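Each remark here refers to the structure printed beneath this line.
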Amino acid sequence: MAAVYSGISLKLKSKTTSWEDKLKLAHFAWVSHQCFLPNKEQVLLDWARQSLVAFYKKKLELTEDVVERLWAYVDNILHSRKLQNLFKNGKTINLQISLVKIINERIAEFSLSGSQRNISAVLSSCRGILSTPALAVIYTAKQELLVALLSQLCWSACRQPEGAVAAPLLEVIHLALGHYLLIQQQQANPRRVFGEMTGHLLQPCLILRHLLSGGTWTQAGQGQVPQVLCREVRNKLEAVLRGGVFQPDMLSSYTEELLGQQQRDTKIGTPKSLLTPLDTVVTRLLDAGHCELHLHATIVATSVAVLYRLFLDSYLKEGNQFLCFQALPRLFGCLRISHLQEEPGKAMSIPDWTTELLVVEQLLSSVASSSIYNVATDRIRHGEAQFHFYRGVAELLINHPQAPVPAWFRCLKILISLNHLILEPDLDDLLSSAWIDAEVTEFRTKKAQEVLIHTLFQTYAKLRQVPRLFEELLGVICRPAAEALRQPVLAAGPSAALCACLLELPPSQVLDMWSLVLDKFQSLILPCLQSDVDMALKSLSLSSLLHCVMFNMPSLDSSTPLPVIRRAQCMMERVLGELVKPLLAFLLDTPGPESELWLQKVSDSALLLSYTWAQVDAMLSLNCGQYCSVAGTQLEISNYPSLLPGVEARLWKKVEKFTAQSRSLGRYCLEQLYLQRMRRTLMQTSSQSEQVLQTLRCDAAYILGSGRGSLSLRMTASWDGQVGTVSASTYPAAHWHLLVSNLPILIPYLCLDDVRYLARVLLRTLPTSQAQGASADEEPSITLERVSTSLLHSPLFPEVQSLHSAFLRCVATRCSSILCSGSQSGPGSLSQQLPWLLEKDHTVMAHWESRFAKVGPEGVGPRGEIAQNFLSLLKSDFPIQLEDEQLGDLLGLLNIISALHLDSLLPPHHLHYFLLLLTMAVSTQGRSCSSLALQFLTTCYQLLACLQRGRNARCVFRVMYVSDIFEIVLTSLLPTSGGFCLEVDDPSWLQFLQVVGSFLEQLMQMLIQSRLSLVLNFGKITTFLSRCKLHTEAAFSEQLGNQSPLGSQLLLVCLTKLCQVLGPLVKDRRQLQEAPASLPELLQQAMLQMATGLQPCLVPGTRGHCLPSALLSAVATLLEVDLSQHPDWVGISQGMDRVVPTNAALYRSVYSRLLLELPALARDTLSFQAALQFLTLFFSAPALHPPEGPVFVSILHAVRTVLADPAIPALAAQDIEPHLGALFTQMLEAGTMEDFGLVVQSVLQGLDIRHVWTADMQAVLSAVGLLKLLLSCPLSGEKASLLWRACPQIVSALTLQSREACQERPVVLTVVEPVLDVLALLLRQGEEAISNPHHVNLAFSILLTVPLDHLRPPEYGRVFLGLHNVLFSILQCHPKVVLKAIPSFLNSFNRLVFSVMHEGRQKDKGCADDLPVILECARLVERMYSHIAMRSEEFTTSSPFLVAQYVTEAQKVTLYPAVKDLLQEGIYLILDLCIEPDVQFLRTSLQPGARDVFKELHSDYLRYHKAKNEGEKRYTA
């Protein structure tokens, strides 16, 4: 054969052989083992290389197809497993440099022209070379080749951002960057690396990094790239930039360039010809020749921030702060905004401003966080060089305000934090452009503005200069300006900042601010206020400020110094006499129609200050005994009593007249004044006379009536909660908020019509659909809907009984109107048939109750009248037919009803809502049934069930029998269920069955508790169900072949609930007081009907799926009741002569099917629970067991099949474990020793190691699950002894299973996790039974072999928890073993500690999403530390080593603060065990880095932990 193929080399070189044949021969030669050529692999690779080189050097003409196939051939060779195996075996394959040059040339061609000919194969070949160390050496040995390749790759990515080759291109870049980083680290000549970076790589690297940061390739599309790859490439680009541009060896060059010859560090050698590295970098950065002009400025801006951060990362250390600053102006000069002062006519767009300001923010944040700026050092040593630079930046920002950009506010905030003097000269302009005259609308911008203002106030508060800042603010407000264009002075953000500042100021400074406002009013506003609209607007702004100052000043009380109280009282008198009254006096003169705006603003200002004065006066009167109110203590009572002292009633008439004409701040403040007078009236009058009551009623009526018209508006704006922002659009929300917030005060004095009006408004403003969660960027605000929703869900709402009752009537009326709109007959007919739909009050309910209260408990006639109305309507043609739109409206109302406390309704409301909900539920009969109708029915019966759990549920039985309700429900549902096109196991249908079944069961349970004609009601129910069964059997036989028998399933659910209620009742004869013999007969009838109804459902072939949960629940209930009626079945053994039970064939049929369907049923918890309940009952009755085989073995086999099923989800497996445990407990209790031995034998066989070798994981999982069930069962005597005798074999088998599973890659977590769980359980329960320490020590080998790296966060959390539980079980239950195996224990524990540190380190953005899992693991570590500390005797000698290992690992990572806090709390407990010699030992023996970490740790330990504990010990007896 060798002779046959020996001529391949000649044929490949022959000119006569066609290229088609050459390619086929080359491919055959590579893959065939029968082709023998000396150095075959090298020959074939060289042939392909030579062909490509000849083609590209124009020495050979080839078609495009041949060239493409040649590249594919080279690519296949480079990626082949055969080549990798050759390298592993030590064989050398030489890659010629000519091939590498061709690859570089093709990539360069692609980057310049965009030609994608063969580019995929070229990139793949390049990736194959770079990913194979033996081949990549050709690039690493020729550094210029790698630099050229990397440069062209980056340019290609920059110029083809959306190409289909983006992902492979970035993969190659990632590999090339990795190799270049290694070369950088090994390069001894820093000048060469710097030259390569600035000459070839700086620009493409910066552009590519910009594109990666902007998410160019992570968007969905053709060129989508994994986000992880983009992040890795970006990180490596930054590492290359730092290693090439900012090398440690270049520090002297930067020092010489930035600080001059005098400050050069002579100890470090400086390359002589490399003196201006930063200028070189800036020059290359500003060169726009390689980038599109519209992108250049953005790339320069983002690159400036990156370069400065890398500069700080490389050179920032103690003593280099000024050097790090000097780089800042050079880089800042690259930004366009730095030249705006020189080019005043040049304008920039908002997006450009946003980009540049974000960069400025990053630069300033780096300065602030790195402590580069020290005010004293800068002033003494550097002539305020830094200060002047920051001052220039501040002037630039102030002279070019950009209020729409959040970063503009953040930059100013950082400058204030650095030094308030930077912005001090421009303080007035700052307040103007950033606050008073700023047009801020977006939520994020408002938050940035709030932070700036908060920082401003906090800074001046620390300087004790807030009054000076406030004076500047007042000056800005009073400047001549277009006041109408200004936004409110105190919106939510600035108001919050000012309030926070006022609470921290001493009262004297607040009073100074108060006085400043008054002085401004008197000197500038009041003299010029007449008919001047601008002055009126300024008056309102100052009033808002004064309101905020007065409302939020620190409270004065009896402990306040008397001079402060007297000054405050003087200020109150000044406000009233010199400000409020003069402003009100302006309103006496009737202005012309052209002064309407002026009048509104002056009245707003006057009423705001009046309301403020009244509130503050009341607060001071209550809290401070030394304060003497001007209002006095006498309460004026008249038609128009004075709301303020000294203000005549005729003025209030006029104020009310013109405030009624506009919805403005004045009307809201007038309402607050009336409300304040109500409060004062209630506080100052011990007994309420008729005059006082009349005044309170008038005030409450005015407050409600003032905004009555505004609440009917459909479009209203949201309100931020600040008084100063109340306007015509926000007034409705503010008014409604005022009413709802003060309901306890207002409701007692409102008439019934007003209360009903409030209820109607509440219903109208409630959202009928489920509101979606607010976005994080959405501004928190007050709206009509939010206020109403808060009231609806408030626990105080039911306490306001009159409003709650009126609201219930409103909802009922609205539901009735929708039902009546679907009526097929007139309202007169409905009023006779369904009178409760049209009632306005509860007169109809009272009529029914009074009528039936006179009838005895056995009076069938009158009590059944309502039911007969229902049934007659259902059997003929129900007068109400609802469409989908009406169902949707009713569903919205039902959502509102579900928020009410239905379990605490008064009897009239309870009865009304029961009849109303029942009417809604039965109104769907006969319509086309959709998913909306099913949802509607489910909600109705959920609410009916909730209603009947209430305290007044029995009032329903005064007008209707339980049996009648039962019949009404089923009469409506049976026809309706036939219209649903659903499978019997549809989740929505099963939920509906559960809801209806719960409601009917609840009715029957209440019947038993009340002892209301048990025989009569249960007899009628049983008779009705038998009648329904006869009607549905024929229908079922007709429908068997074409649709699901939903009606039969519904009947089975009803019969199930009937048997579940009657069974215990009949069993416990002591509860029976009337005709006890009748109830067992009824139970037998129900059981017979159930058995008959179950027979057709169990016919083989009726369904292709498993038995539905309702059917399984029915047959389990039937068996349970059957066993309770025949207790002798349990005692009869299988071999004894006996009479075959009545339903034995049915039970055996279900048993046989369940053995086959049990694994499939395990995916549905309800079905599986019902199946296991049946199997448990069936196993307990040997009389029912089939004669063909032992039931124990059959059920055990089925359970093992369930445990081994990989298709069962993890959550479902956790849900079914308790139910399997109950079945297994019953089996082991009734089983023999032989049966128990079979279970143990099954466990041991399943844990046999051969199952791992044959990849039979199901057998292993089945055995582990079986063992877990076995350990969860209570065992004693011989069975427990047998289990623990097998324990050594079990532990050894688990160890082998875990070891084998951990050797696989990836690790077989499906085996490891359950093994850890069952091992922890075994160790806990074997605390006294496991006598050999060796078997416990085997657990340590498992703990040390299970890997904790390369796991996804959920998997990591589960594995970590399993390891911790095993370790904790050993520590708690086997202390003697721990004492002798402390090294193994600590090794296992330290693995957990180090793993948490590794996973809890601060990573790239996006990794914080995994933090909750890591935090939970850190809590487990802290808990273990605490348990170790409690065993001080065993671990005292080991405690220094625990600390040493902790600090040694801690120095390697930067942890998330939350993770670090938890771990430190644990290690503090170990430090409690360390004595002073241990501490000295650690200080001397640790490595330098770890020693610093330990010093910091021990310092924190002494400061926080030990001091706290010693403080607690002082109070310990």
Side-chain angles (χ1 to χ4, degrees), residues 962-963 966 970 993-994 996-1026 1028-1029 1049-1095 1097 1109-1132 1141-1144 1146-1147 1150-1151 1166 1169-1184 1219 1222-1223 1226:
V962 171
S963 57
F966 205 99
L970 282 186
L993 288 180
Q994 185 180 4
V996 172
S998 299
F999 171 62
L1000 297 177
E1001 182 183 12
Q1002 196 172 353
L1003 287 176
M1004 291 186 285
Q1005 291 289 359
M1006 289 195 62
L1007 178 64
I1008 295 173
Q1009 293 171 9
S1010 306
R1011 295 185 175 88
L1012 296 173
S1013 306
L1014 297 180
V1015 175
L1016 173 65
N1017 281 283
F1018 281 118
K1020 290 179 67 176
I1021 291 172
T1022 307
T1023 304
F1024 172 73
L1025 289 175
S1026 64
C1028 289
K1029 188 183 79 64
Q1049 197 176 20
L1050 179 62
L1051 268 181
L1052 275 179
V1053 169
C1054 298
L1055 286 167
T1056 301
K1057 296 302 179 182
L1058 179 61
C1059 291
Q1060 284 178 351
V1061 173
L1062 270 180
L1065 181 63
V1066 172
K1067 185 178 179 181
D1068 192 357
R1069 298 293 183 111
R1070 290 173 298 179
Q1071 292 185 10
L1072 301 181
Q1073 294 184 355
E1074 57 175 20
S1078 301
L1079 290 176
E1081 295 176 2
L1082 295 175
L1083 179 60
Q1084 290 298 326
Q1085 293 178 27
M1087 291 172 61
L1088 181 61
Q1089 292 177 38
M1090 273 190 73
T1092 309
L1094 284 168
Q1095 291 290 350
C1097 299
S1109 59
L1111 193 65
L1112 289 170
S1113 179
V1115 74
T1117 300
L1118 181 62
L1119 177 55
E1120 183 178 10
V1121 176
D1122 228 346
L1123 290 178
S1124 67
Q1125 299 301 308
H1126 303 88
D1128 54 321
W1129 291 2
V1130 178
I1132 300 176
T1142 308
N1143 298 318
L1146 172 67
Y1147 300 141
V1150 174
Y1151 163 72
L1166 289 176
Q1169 182 179 359
L1172 291 184
Q1173 182 187 3
F1174 173 81
L1175 289 177
T1176 304
L1177 294 168
F1178 186 83
F1179 184 82
S1180 66
L1184 301 175
H1219 311 305
L1223 170 63
Q1226 174 68 28

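Only heavy atoms go into these numbers, but all of them, side chains included; no hydrogens, no water, no symmetry mates. This is a predicted model, so every value here is computed, not measured. Residue numbers run from 1 in the order of the sequence given.
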How long is the gap from [atom1] on [X] to [atom2] on [Y], to the nearest 0.5 Å?
{"X": "His1219", "Y": "Gln1173", "atom1": "NE2", "atom2": "CD", "result": "10.0 Å"}
{"X": "Met1090", "Y": "Leu1146", "atom1": "CE", "atom2": "CG", "result": "9.0 Å"}
{"X": "Ser1124", "Y": "Leu1083", "atom1": "OG", "atom2": "CG", "result": "7.0 Å"}
{"X": "Ile1021", "Y": "Gln1085", "atom1": "CD1", "atom2": "CD", "result": "12.5 Å"}
{"X": "Leu1050", "Y": "Leu970", "atom1": "CG", "atom2": "CG", "result": "5.5 Å"}
{"X": "Cys1059", "Y": "Leu1082", "atom1": "SG", "atom2": "CG", "result": "11.0 Å"}

- Task: Please lay out, stage by stage, how Gln1049 and Leu993 fare under the test side-chain contact (heavy atoms from CB on, under 4.5 Å).
- Result: CA-CA 9 Å; Gln1049 197 176 20; Leu993 288 180; 3.7 Å; yes
So, using ring-ring contact (aromatic ring centres under 6.0 Å, His included) as the criterion, who are the partners of [X] when residues are at least two apart?
{"X": "Tyr1151", "result": "Phe1178"}
{"X": "Phe1018", "result": "none"}
{"X": "Phe966", "result": "none"}

Applying side chain to side chain donor-acceptor pair (under 3.5 Å), can you list everything that pairs with [X], at least two apart in sequence or on another chain?
{"X": "Ser1010", "answer": "Arg954"}
{"X": "Thr1056", "answer": "none"}
{"X": "Gln1060", "answer": "Thr1117"}

Give the minimum heavy-atom separation between [X] and [Y], together with the two atoms involved.
{"X": "Val962", "Y": "Met1004", "answer": "CG1-N, 4.5 Å"}
{"X": "Leu1025", "Y": "Cys1054", "answer": "CD2-CB, 4.1 Å"}
{"X": "Tyr1147", "Y": "Leu1184", "answer": "CD1-CD1, 3.7 Å"}
{"X": "Leu1177", "Y": "Ala1116", "answer": "CD1-O, 3.5 Å"}
{"X": "Ala1170", "Y": "Ser1113", "answer": "CB-N, 3.7 Å"}
{"X": "Leu1014", "Y": "Ile1008", "answer": "CD2-CA, 3.8 Å"}

- Chi angles and distances behind the side-chain contact (heavy atoms from CB on, under 4.5 Å) call for Leu1123, Ser1180: CA-CA 9 Å; Leu1123 290 178; Ser1180 66; 4.0 Å; yes
- Task: Output all residues satisfying salt bridge (Lys or Arg N to Asp or Glu O under 4.0 Å) with Glu1001, sequence neighbours left out; order by chain, then residue number.
- Result: Lys1057
- Check side chain to side chain contact (heavy atoms under 4.5 Å, CB included) between Thr1176 and all other residues, then give those that pass, not counting sequence neighbours. Leu1223, Gln1226
Quick one: are [X] and [Y] in side-chain contact, heavy atoms under 4.5 Å?
{"X": "Val1053", "Y": "Val996", "answer": "no"}
{"X": "Asp1122", "Y": "Met1087", "answer": "yes"}
{"X": "Leu1118", "Y": "Leu1055", "answer": "no"}

